[in-house]
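Take a look at the structure set out below.
Numbers restart at 1 for each chain; the letters A, B, ... are given by sequence-line order, proteins then strands. Computed from a prediction, not measured in an experiment: that's the story for all the values here. Both backbone and side-chain heavy atoms feed into the values below; hydrogens, waters and symmetry mates do not.
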Amino acid sequence: MRTAYLDTLYDLASRDKRVYALISDNGAIVYDKYRKDLPSQYLNLGISEANMLGMAAGMASCGKIPFAYTIGAFLAYRAYEFIRNDICLQNQNVKIVGTGAGEIYSALGPTHHSTEDLGGLRALPNLTILCPASPMEAGKATRAAYEFEGPVYLRLGTNREAELYDADYTYEIGKGITLRHGHDVTVIGSGGILHDILRIADELNENGISARVINIHTIKPIDKDIIIRAARETGRIATVEDHNIIGGIGSAVAEVLAEAGLGVTFKRFGLHGFSKGYGTYEQVKEMNGIGITYIADEIKNWFS
Amino acid sequence: MNAKEDIVKICKDLRKDIFIQAYHAGSGHMGAAFSVADIIGVLYFDGVLKYDAQNPGWEERDRFILSKGHACYALYAALAKAGYFSCEELQHVGQVGSNFGGHPKIHEIPGVEASTGALGHGLSFGIGIAYANKVDNRQSHTYVVLGDGECQEGSIWEGALSAPTLELDNLTVVIDHNKLQAMDNLEKIVRMKPLREKWRAFGWNVVEIDGHNYGEIKEALLTRCGNRPTLVVANTIKGKGVSFMENVPLWHYRMPNEQELPVLMEELGMTQQDLELGGTGKE
């Protein structure tokens with residue numbers, strides 16, 4: 001995802017002088033191409049997230065389109081008030097780009113995990129939140145963020161995600177995508193964890209449970225229609241996220257279901273506290289209640 | 001009147017207009033507004049800031065960010081006098097139906113360049129503007145006014161490191177150094193001294209002035225120094241212009257009582273009729 005983001009941004013910046021890549025001393029190596037070809041549109045502001053985002057807002061007030069990039073946890077927590085007051089309150093055209101969604105930096109521990117970012121940011125007025133799931137989708141989301149006039153939080157993973165799509169497809173902010181059809185249960189997620197969700201669906205299908213999978217690549221504004229339709233047609237909804245169960249996609253889906261008056265079987269799979277343990281990303285997910293086998297077994301229990 | 005008398009009268013008017021807002025709103029940070037009134041007066045009315053009140057979005061304009069947004073009555077008074085909007089607006093500040101609140105908001109008030117209020121934001125925002133103008137080779141200068149208490153915010157020092165690194169010679173930051181903050185004397189709460197030396201060590205061109213001396217303010221605001229941004233330590237008096245408010249922390253956020261009101265009005269040179277008017281009028 002990260003390479004797709006950088007390649008797309010490079011393309012946008014090459015064509016549009018208003019586009020700036022701001023970084024807070026993170027991912028310096030991957031910006032080599034910018035330093036070489038577009039030095040005037042690249043700025044490493046050092047380890048100062050608040051200053052970077054405040055500055056980005058000031059630049060946007062002069063017509064620039066800054067993409068401010070570093071680890072999502074540092075942006076969402078350290079610089080929250082700058083996102084709120086300088087970018088969202090003033091509706092400045094800044095793109096806030098957080099890498100390392102969820103527990104991807106598994107062995108680095110909870111200080112580097114973005115597991116409450118959506119909870120905080122989802123409440124901010126004027127902010128659109130995009131969580132792409134694959135390299136192709138990250139490229140499309142980056143382009144959509146550029147074309148969208150207003151603040152965007154782009155929640156990226158890392159560089160290890162496989163491609164999710166076989167062919168090109170239409171990406172539209174606010175429109176969820178049905179990745180797999182099914183009629184017994186719907187599993188909803190966004191971002192890189194959709195790869196796990198597809199495996200959960202495989203496991204369910206092998207056990208005679210027809211599982212629908214929906215990619216909510218836009219957390220805000222959320223696609224209510226696709227959720228309500230899935231609830232009515234499958235009667236059971238599970239959300240899976242590499243994020244705390246409070247405030248993320250599970251909460252967002254629950255809000256839609258509750259306000260639509262849909263009393264379906266429903267469970268949020270996600271973190272219940274700070275992330276625990278170290279290891280590979282797969283191992284850390286297992287330790288924190290979002291492993292594939294655990295979730296598949298829990299959903300199977302709905303049918304026993 | 002010569003130019004010197006002009007600015008004296010204008011800054012006197014600004015103080016009256018600050019009180020008119022507080023009087024009608026029933027509250028406000030008057031001490032801070034009186035402290036910064038002369039700096040803002042010189043900025044707008046003594047040939048420093050380049051602006052066009054009829055065209056607030058003019059791209060070549062200079063920008064002014066009041067980072068200590070709680071002093072906004074001074075900014076509103078100056079913007080009204082400059083003709084950005086009707087002086088009558090000043091009577092409605094903080095009331096239902098008005099766009100003018102206790103902290104300034106961009107987009108809603110012509111001439112306001114940033115929404116401020118939470119401290120520690122205006123410097124980085126101003127750095128972003130100055131950087132954008134620099135890369136575009138625009139002959140536009142950015143001015144930011146910080147409070148001295150505001151310099152206790154860590155983000156100020158991120159900006160203090162950033163602006164000289166980016167060689168922002170088109171940025172001037174003024175610290176309204178009245179030595180008081182909400183609760184007490186600044187130095188008693190956090191040891192801020194020596195301010196001048198701190199900013200100089202960070203790479204700024206630093207000048208120190210009397211923040212109520214019009215000549216010194218103007219000279220400092222027009223100072224430029226190589227490729228460095230300029231930092232002006234403006235020594236001011238919180239509550240300047242009203243004897244019982246000056247240097248008294250209590251007046252950070254307080255309204256005069258019945259006994260204090262006539263004293264305040266006399267010292268500001270106001271009549272009851274002035275209070276009922278929308279302000280001293282456009283310059």
Side chain / backbone / both / neither for [X] at chain B, heavy atoms under 4.5 Å:
X     : answer
A:A56 : neither
A:S61 : both
A:L43 : side chain
A:Q92 : side chain

Answer with side chain, backbone, both or neither: which region of [X] has an atom nearer than 4.5 Å to a non-hydrogen atom of chain A?
X      : value
B:H121 : both
B:I127 : both
B:I65  : neither

| request: Calculate, to the nearest 0.5 Å, the distance between atoms CD1 and SG belonging to B:I175 and B:C151 respectively. | output: 4.0 Å

| request: May I ask you to name which of B:R63, B:E108, B:E113, B:R138 has the most heavy-atom pairs under 4.5 Å with chain A? | output: B:R63

| Interface residue of largest heavy-atom contact number with chain A, from B:D136, B:N133, B:T142, under 4.5 Å | B:D136

| request: Validate the cation-pi geometry between B:K81 and B:Y44: distance from NZ or CZ to the six-membered ring centre under 6.0 Å, angle to the ring axis within 45°. | output: no

Minimum heavy-atom separation for [X] to [Y], with atom names?
X      : Y      : answer
B:S124 : B:G159 : OG-CA, 4.5 Å
B:M192 : B:D148 : CE-O, 3.4 Å
A:C88  : A:P151 : CA-CG, 4.3 Å

| query | Is B:K134 salt-bridged to B:D169, going by a charged N under 4.0 Å from an acidic O? | reply | yes

| chain B interface, residue from A:P66, A:A79, A:G58, A:A60 that has the most non-hydrogen pairs under 4.5 Å | A:G58

| message | Using side-chain hydrogen bond (donor to acceptor under 3.5 Å, both in side chains), reason through B:H141 and B:D62 one step at a time and then give a plain yes or no. | response | CA-CA 5 Å; B:H141 203 83; B:D62 291 339; over 6 Å; no

